[in-house]
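Please read the structure below before turning to the comments.
Owing to the predicted nature of the structure, the values given are computational and were not obtained by experimental measurement.
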Amino acid sequence: MNILITAGGTSEKIDNVRSITNHSTGRLGKEIGEHFLANGHHLTYVTTPQAVRPKAEENLTLIEIETTKDLEAALLEQFKQQSFDGIIHSMAVSDYTTETTMSEEIFIEKLAATLAKQPALSDVTKLTDALYLSLDEIGKTSQQEKKIPSGTDRLLLFLKKNPKIIAMLKEQQPQAILVGFKLLVGVSTEELIHVGQSILAKNNCDFVLANDLEEIHGDQHKGILIDAQGQTVTAQTKNEIAQLIVKKVEEKWRN
(Lines give C-alpha, C1' and ligand atoms only; values in the text may rest on other atoms or scores of the structure.)
Protein backbone atom coordinates (compact mmCIF):
# COMPACT_ATOMS: atom_id res chain seq x y z
CA MET A 1 0.00 0.00 0.00
CA ASN A 2 0.96 3.61 -0.55
CA ILE A 3 0.29 5.43 2.74
CA LEU A 4 0.31 9.11 3.68
CA ILE A 5 0.58 10.14 7.34
CA THR A 6 0.47 13.65 8.77
CA ALA A 7 1.82 13.99 12.32
CA GLY A 8 3.09 16.58 14.79
CA GLY A 9 1.63 20.04 15.33
CA THR A 10 1.58 23.04 13.00
CA SER A 11 2.97 26.41 14.09
CA GLU A 12 1.67 29.84 13.05
CA LYS A 13 4.14 32.75 13.01
CA ILE A 14 3.51 35.94 15.00
CA ASP A 15 6.81 37.43 13.84
CA ASN A 16 10.24 36.05 12.92
CA VAL A 17 10.99 34.89 16.48
CA ARG A 18 7.56 34.06 17.95
CA SER A 19 4.83 31.66 16.96
CA ILE A 20 1.62 29.99 18.18
CA THR A 21 1.69 26.22 18.31
CA ASN A 22 0.25 23.25 20.21
CA HIS A 23 1.61 20.47 22.39
CA SER A 24 1.54 17.66 19.84
CA THR A 25 4.73 15.58 19.87
CA GLY A 26 3.91 13.36 16.89
CA ARG A 27 4.50 10.23 18.95
CA LEU A 28 1.27 8.52 17.92
CA GLY A 29 1.83 9.31 14.24
CA LYS A 30 5.37 7.95 14.51
CA GLU A 31 4.08 4.73 16.06
CA ILE A 32 1.49 4.29 13.32
CA GLY A 33 4.07 5.02 10.63
CA GLU A 34 6.52 2.48 12.03
CA HIS A 35 3.85 -0.23 11.98
CA PHE A 36 2.97 0.49 8.34
CA LEU A 37 6.67 0.41 7.42
CA ALA A 38 7.17 -2.85 9.34
CA ASN A 39 4.40 -4.38 7.21
CA GLY A 40 6.23 -3.44 4.01
CA HIS A 41 4.15 -0.45 2.91
CA HIS A 42 5.53 2.71 1.32
CA LEU A 43 5.07 5.74 3.56
CA THR A 44 5.00 9.46 2.83
CA TYR A 45 5.31 11.12 6.22
CA VAL A 46 4.46 14.83 6.60
CA THR A 47 5.56 16.28 9.91
CA THR A 48 6.82 19.37 11.75
CA PRO A 49 10.36 20.31 12.86
CA GLN A 50 9.93 19.59 16.59
CA ALA A 51 7.99 16.35 16.20
CA VAL A 52 9.44 12.87 16.49
CA ARG A 53 9.42 10.79 13.32
CA PRO A 54 10.30 7.27 12.08
CA LYS A 55 13.96 6.49 11.36
CA ALA A 56 15.05 6.95 7.75
CA GLU A 57 14.61 3.90 5.54
CA GLU A 58 14.09 3.00 1.88
CA ASN A 59 10.26 3.00 1.95
CA LEU A 60 9.99 6.31 3.83
CA THR A 61 9.62 9.74 2.24
CA LEU A 62 9.82 12.53 4.81
CA ILE A 63 8.34 16.00 4.22
CA GLU A 64 8.71 18.76 6.81
CA ILE A 65 6.31 21.72 7.11
CA GLU A 66 5.60 24.41 9.71
CA THR A 67 2.32 26.23 9.07
CA THR A 68 -1.13 25.09 8.02
CA LYS A 69 -0.59 26.89 4.72
CA ASP A 70 2.63 24.89 4.25
CA LEU A 71 0.74 21.69 4.99
CA GLU A 72 -1.97 22.47 2.46
CA ALA A 73 0.59 23.26 -0.24
CA ALA A 74 2.66 20.13 0.50
CA LEU A 75 -0.37 17.85 0.38
CA LEU A 76 -1.71 19.33 -2.85
CA GLU A 77 1.71 18.85 -4.43
CA GLN A 78 1.80 15.21 -3.32
CA PHE A 79 -1.72 14.63 -4.62
CA LYS A 80 -0.61 15.86 -8.05
CA GLN A 81 2.26 13.37 -8.05
CA GLN A 82 0.71 10.18 -6.68
CA SER A 83 -2.38 8.38 -5.46
CA PHE A 84 -2.58 7.07 -1.90
CA ASP A 85 -4.30 3.93 -0.70
CA GLY A 86 -4.56 5.25 2.85
CA ILE A 87 -4.34 8.67 4.51
CA ILE A 88 -3.82 8.88 8.27
CA HIS A 89 -4.40 12.53 9.24
CA SER A 90 -3.11 12.60 12.82
CA MET A 91 -1.45 16.04 12.69
CA ALA A 92 -2.72 18.64 15.17
CA VAL A 93 -3.52 21.46 12.75
CA SER A 94 -3.93 25.01 14.02
CA ASP A 95 -7.53 26.20 13.74
CA TYR A 96 -6.34 29.80 13.39
CA THR A 97 -3.38 31.63 11.87
CA THR A 98 -2.06 35.09 12.63
CA GLU A 99 -3.41 37.94 10.53
CA THR A 100 -1.61 40.88 12.12
CA THR A 101 -0.24 42.07 15.47
CA MET A 102 -0.04 45.54 17.02
CA SER A 103 0.31 47.38 20.31
CA GLU A 104 -2.79 48.67 22.06
CA GLU A 105 -1.71 52.24 21.30
CA ILE A 106 -1.58 51.62 17.55
CA PHE A 107 -4.83 49.65 17.66
CA ILE A 108 -6.69 52.46 19.42
CA GLU A 109 -5.28 55.01 17.00
CA LYS A 110 -6.37 52.97 13.98
CA LEU A 111 -9.80 52.19 15.44
CA ALA A 112 -10.42 55.84 16.29
CA ALA A 113 -9.28 56.96 12.84
CA THR A 114 -11.54 54.44 11.12
CA LEU A 115 -14.60 55.26 13.23
CA ALA A 116 -14.03 58.99 12.74
CA LYS A 117 -14.78 58.52 9.04
CA GLN A 118 -18.29 57.31 9.90
CA PRO A 119 -21.32 59.57 10.43
CA ALA A 120 -22.94 59.86 13.87
CA LEU A 121 -22.99 56.39 15.49
CA SER A 122 -25.58 56.77 18.23
CA ASP A 123 -27.54 53.83 16.82
CA VAL A 124 -26.29 50.56 18.36
CA THR A 125 -26.74 48.55 15.15
CA LYS A 126 -24.82 51.10 13.08
CA LEU A 127 -22.09 51.27 15.72
CA THR A 128 -21.81 47.46 15.76
CA ASP A 129 -21.57 47.33 11.96
CA ALA A 130 -18.95 50.09 11.99
CA LEU A 131 -16.88 48.22 14.57
CA TYR A 132 -16.97 45.03 12.52
CA LEU A 133 -15.87 46.93 9.42
CA SER A 134 -13.14 48.68 11.39
CA LEU A 135 -11.79 45.42 12.81
CA ASP A 136 -11.80 43.88 9.35
CA GLU A 137 -9.84 46.84 7.97
CA ILE A 138 -7.37 46.88 10.88
CA GLY A 139 -6.91 43.11 10.65
CA LYS A 140 -5.61 43.50 7.12
CA THR A 141 -2.81 45.80 8.31
CA SER A 142 0.50 44.47 7.00
CA GLN A 143 2.85 43.13 9.66
CA GLN A 144 6.01 45.23 9.23
CA GLU A 145 8.21 44.36 12.20
CA LYS A 146 10.41 41.27 11.94
CA LYS A 147 10.41 41.22 15.74
CA ILE A 148 7.56 42.93 17.59
CA PRO A 149 8.83 45.37 20.28
CA SER A 150 8.08 44.34 23.86
CA GLY A 151 7.54 47.88 25.21
CA THR A 152 3.74 47.90 25.04
CA ASP A 153 1.65 46.81 28.04
CA ARG A 154 -0.81 44.95 25.81
CA LEU A 155 -0.26 43.27 22.48
CA LEU A 156 -3.24 42.68 20.22
CA LEU A 157 -3.05 39.59 18.05
CA PHE A 158 -5.52 39.18 15.20
CA LEU A 159 -6.24 35.57 14.23
CA LYS A 160 -8.15 34.34 11.20
CA LYS A 161 -9.57 30.90 10.61
CA ASN A 162 -7.48 28.36 8.74
CA PRO A 163 -8.98 26.08 6.09
CA LYS A 164 -9.92 22.63 7.37
CA ILE A 165 -7.32 20.32 5.85
CA ILE A 166 -9.31 17.16 6.56
CA ALA A 167 -12.22 18.51 4.51
CA MET A 168 -10.20 18.40 1.27
CA LEU A 169 -8.60 14.97 1.65
CA LYS A 170 -11.38 12.81 0.19
CA GLU A 171 -12.09 15.43 -2.46
CA GLN A 172 -8.48 15.20 -3.63
CA GLN A 173 -8.02 11.45 -3.07
CA PRO A 174 -11.46 9.80 -3.21
CA GLN A 175 -9.97 6.30 -3.49
CA ALA A 176 -7.98 6.62 -0.24
CA ILE A 177 -9.01 5.04 3.04
CA LEU A 178 -9.16 8.09 5.31
CA VAL A 179 -8.53 8.00 9.06
CA GLY A 180 -9.31 11.25 10.88
CA PHE A 181 -8.54 12.16 14.50
CA LYS A 182 -10.48 14.13 17.09
CA LEU A 183 -9.11 15.25 20.46
CA LEU A 184 -11.44 16.52 23.19
CA VAL A 185 -10.85 17.32 26.85
CA GLY A 186 -12.79 16.00 29.84
CA VAL A 187 -15.88 14.61 28.10
CA SER A 188 -17.89 11.42 28.55
CA THR A 189 -17.32 8.39 26.33
CA GLU A 190 -20.74 8.97 24.80
CA GLU A 191 -19.86 12.56 23.87
CA LEU A 192 -16.49 11.46 22.50
CA ILE A 193 -18.13 8.90 20.22
CA HIS A 194 -20.87 11.33 19.17
CA VAL A 195 -18.38 14.03 18.15
CA GLY A 196 -16.18 11.44 16.43
CA GLN A 197 -19.14 10.21 14.38
CA SER A 198 -19.94 13.79 13.38
CA ILE A 199 -16.36 14.35 12.18
CA LEU A 200 -16.48 11.06 10.27
CA ALA A 201 -19.72 11.92 8.47
CA LYS A 202 -18.83 15.54 7.77
CA ASN A 203 -15.47 14.73 6.19
CA ASN A 204 -16.33 11.41 4.53
CA CYS A 205 -13.82 9.52 6.68
CA ASP A 206 -13.67 5.74 6.79
CA PHE A 207 -12.49 5.81 10.41
CA VAL A 208 -12.04 8.39 13.15
CA LEU A 209 -9.85 7.94 16.22
CA ALA A 210 -11.53 9.84 19.06
CA ASN A 211 -9.49 10.49 22.20
CA ASP A 212 -9.59 12.59 25.36
CA LEU A 213 -6.54 14.54 26.50
CA GLU A 214 -7.24 13.60 30.12
CA GLU A 215 -6.77 9.93 29.20
CA ILE A 216 -3.36 10.39 27.57
CA HIS A 217 -0.38 9.89 29.89
CA GLY A 218 2.90 8.87 28.25
CA ASP A 219 2.40 5.55 26.48
CA GLN A 220 -1.02 5.14 28.10
CA HIS A 221 -3.38 6.50 25.48
CA LYS A 222 -7.02 5.54 25.38
CA GLY A 223 -8.48 5.89 21.90
CA ILE A 224 -11.79 4.85 20.38
CA LEU A 225 -11.69 3.93 16.69
CA ILE A 226 -15.06 4.56 15.04
CA ASP A 227 -15.96 3.23 11.59
CA ALA A 228 -18.54 4.39 9.05
CA GLN A 229 -21.07 1.84 10.35
CA GLY A 230 -20.85 3.27 13.86
CA GLN A 231 -18.92 0.33 15.27
CA THR A 232 -16.25 1.15 17.86
CA VAL A 233 -13.08 -0.52 19.11
CA THR A 234 -11.15 0.80 22.11
CA ALA A 235 -7.38 0.70 22.54
CA GLN A 236 -5.44 1.63 25.68
CA THR A 237 -1.91 2.50 24.46
CA LYS A 238 -0.27 4.22 21.48
CA ASN A 239 1.05 0.85 20.34
CA GLU A 240 -2.43 -0.70 20.49
CA ILE A 241 -3.90 2.25 18.58
CA ALA A 242 -1.23 1.95 15.90
CA GLN A 243 -1.77 -1.79 15.48
CA LEU A 244 -5.54 -1.30 15.35
CA ILE A 245 -5.40 1.43 12.68
CA VAL A 246 -2.96 -0.49 10.50
CA LYS A 247 -5.06 -3.66 10.80
CA LYS A 248 -8.34 -1.91 9.93
CA VAL A 249 -6.85 0.02 6.99
CA GLU A 250 -5.22 -3.12 5.57
CA GLU A 251 -8.47 -5.10 5.93
CA LYS A 252 -10.53 -2.45 4.20
CA TRP A 253 -7.98 -2.12 1.41
CA ARG A 254 -8.02 -5.86 0.76
CA ASN A 255 -11.81 -5.88 0.60
Side-chain angles (χ1 to χ4, degrees), residues 1 3-10 21-39 41 43-48 50-54 71 84-95 164-167 169-170 173 176-255:
M1 295 177 69
I3 301 294
L4 169 70
I5 292 179
T6 68
T10 59
T21 188
N22 56 64
H23 300 300
S24 177
T25 63
R27 288 180 62 196
L28 180 56
K30 173 179 179 286
E31 191 92 31
I32 297 167
E34 288 173 343
H35 278 75
F36 272 115
L37 289 168
N39 285 9
H41 303 298
L43 175 61
T44 299
Y45 194 85
V46 184
T47 189
T48 52
Q50 290 76 30
V52 297
R53 71 278 311 271
L71 173 62
F84 292 97
D85 300 306
I87 299 176
I88 318 300
H89 184 46
S90 66
M91 182 176 283
V93 181
S94 303
D95 291 319
K164 282 291 185 184
I165 299 299
I166 192 172
L169 297 179
K170 272 287 192 175
Q173 297 271 300
I177 300 165
L178 176 59
V179 183
F181 286 68
K182 185 60 180 178
L183 178 69
L184 296 176
V185 183
V187 301
S188 65
T189 299
E190 291 75 16
E191 176 69 7
L192 197 58
I193 293 172
H194 174 72
V195 174
Q197 289 173 329
S198 298
I199 296 297
L200 186 148
K202 183 178 180 180
N203 298 289
N204 200 20
C205 298
D206 296 281
F207 303 94
V208 165
L209 193 284
N211 43 181
D212 188 320
L213 184 62
E214 293 184 355
E215 299 196 65
I216 301 174
H217 308 283
D219 288 329
Q220 296 302 307
H221 188 144
K222 182 180 178 181
I224 302 172
L225 190 66
I226 307 163
D227 69 17
Q229 288 71 48
Q231 297 178 325
T232 63
V233 182
T234 301
Q236 300 294 337
T237 66
K238 286 180 172 58
N239 184 56
E240 287 182 10
I241 290 172
Q243 291 186 54
L244 177 61
I245 288 175
V246 172
K247 176 185 175 184
K248 291 294 185 181
V249 170
E250 287 178 335
E251 287 177 351
K252 189 168 182 64
W253 180 67
R254 293 190 189 101
N255 296 328

(message) Within the 4.5 Å heavy-atom criterion, are K164 and V93 side-chain neighbours or not?
(response) no
(message) Tell me if a side-chain donor or acceptor on Q173 pairs with a main-chain N or O of F84 at a distance below 3.5 Å.
(response) yes
(message) How close do K222 and N211 get, counting heavy atoms only, and between which atoms?
(response) O-CB, 3.4 Å
(message) What I'd like to find out is whether the side chain of I245 reaches to under 4.5 Å of the side chain of F207, using heavy atoms alone.
(response) no
(message) I need the D227 CG to L200 CG distance, nearest 0.5 Å.
(response) 8.0 Å
(request) Measure the CG-CG distance between L28 and D219 for me, rounded to the nearest 0.5 Å. (result) 10.5 Å
(request) For A210 and I226, work out which heavy atoms get closest and say how close. (result) CB-CD1, 4.1 Å
(request) Measure from the side-chain N and O atoms of K238 to the backbone N and O of G218, and report whether any donor-acceptor pair falls under 3.5 Å. (result) yes
(message) Testing the basics here: between D212 and V187, what is the closest heavy-atom pair and its distance to 0.1 Å?
(response) OD2-N, 2.9 Å
(message) Would you compute the distance between atom CD1 of I193 and atom OG1 of T234 and round it to the nearest 0.5 angstrom?
(response) 6.5 Å
(request) Of all the heavy-atom pairs spanning I5 and S90, show the shortest one and how long it is. (result) CG2-OG, 4.2 Å
(message) Please give me the minimum heavy-atom distance between R53 and Y45, naming the atom from each residue.
(response) CB-CE2, 3.7 Å
(message) Among L213, L192, L209, exactly one meets side chain to side chain contact (heavy atoms under 4.5 Å, CB included) together with L183. Which residue is that?
(response) L213
(request) In plain terms, say whether E34 and K30 are close enough for a salt bridge, that is, a side-chain N and a carboxylate O under 4.0 Å apart. (result) yes
(message) Please report the interatomic distance CG(L37) to CG(L43), rounded to the nearest 0.5 Å.
(response) 4.5 Å
(message) I'd like to know if D85 and K252 make a salt bridge, using a cut-off of under 4.0 Å between side-chain N and carboxylate O.
(response) no
(request) State, with a plain yes or no, whether a side-chain heavy atom of M91 is found less than 4.5 Å away from one of L71. (result) yes
(message) Could you report the tightest heavy-atom contact between N203 and L178, atom names first, then the distance?
(response) O-CD2, 3.9 Å
(request) Check whether any side-chain N or O of T21 sits under 3.5 Å from a backbone N or O of T10 as a donor-acceptor pair, and report yes or no. (result) yes
(message) Quick check: do F181 and I199 have side-chain heavy atoms less than 4.5 Å from each other?
(response) no
(request) Applying side chain to side chain contact (heavy atoms under 4.5 Å, CB included) between I224 and each of I241, V233, V208, T189, report the one that passes. (result) T189
(message) Would you say NE2 of H23 has more than 12 non-hydrogen atoms from neighbouring residues, nucleotides or ligands within 6.0 angstrom?
(response) no
(message) Using 0.5 Å steps for rounding, measure from the CG atom of L244 to the CG atom of N239.
(response) 11.0 Å
(request) Enter the distance from E240:CD to E31:CD here, rounded to the nearest 0.5 Å. (result) 10.5 Å
(request) Indicate yes or no for a side-chain donor-acceptor contact from K170 to the backbone of A176 under 3.5 Å, with no hydrogens or angles considered. (result) yes
(message) Is the shortest side-chain heavy-atom distance between I88 and V249 below 4.5 Å?
(response) yes
(message) Test your reading of the model: is there a side-chain donor-acceptor pair from N39 to the backbone of H41, 3.5 Å cut-off?
(response) no
(message) As a quick check of understanding, evaluate side-chain contact (heavy atoms from CB on, under 4.5 Å) for H89 and V179, giving each step before the final call.
(response) CA-CA 6 Å; H89 184 46; V179 183; over 6 Å; no
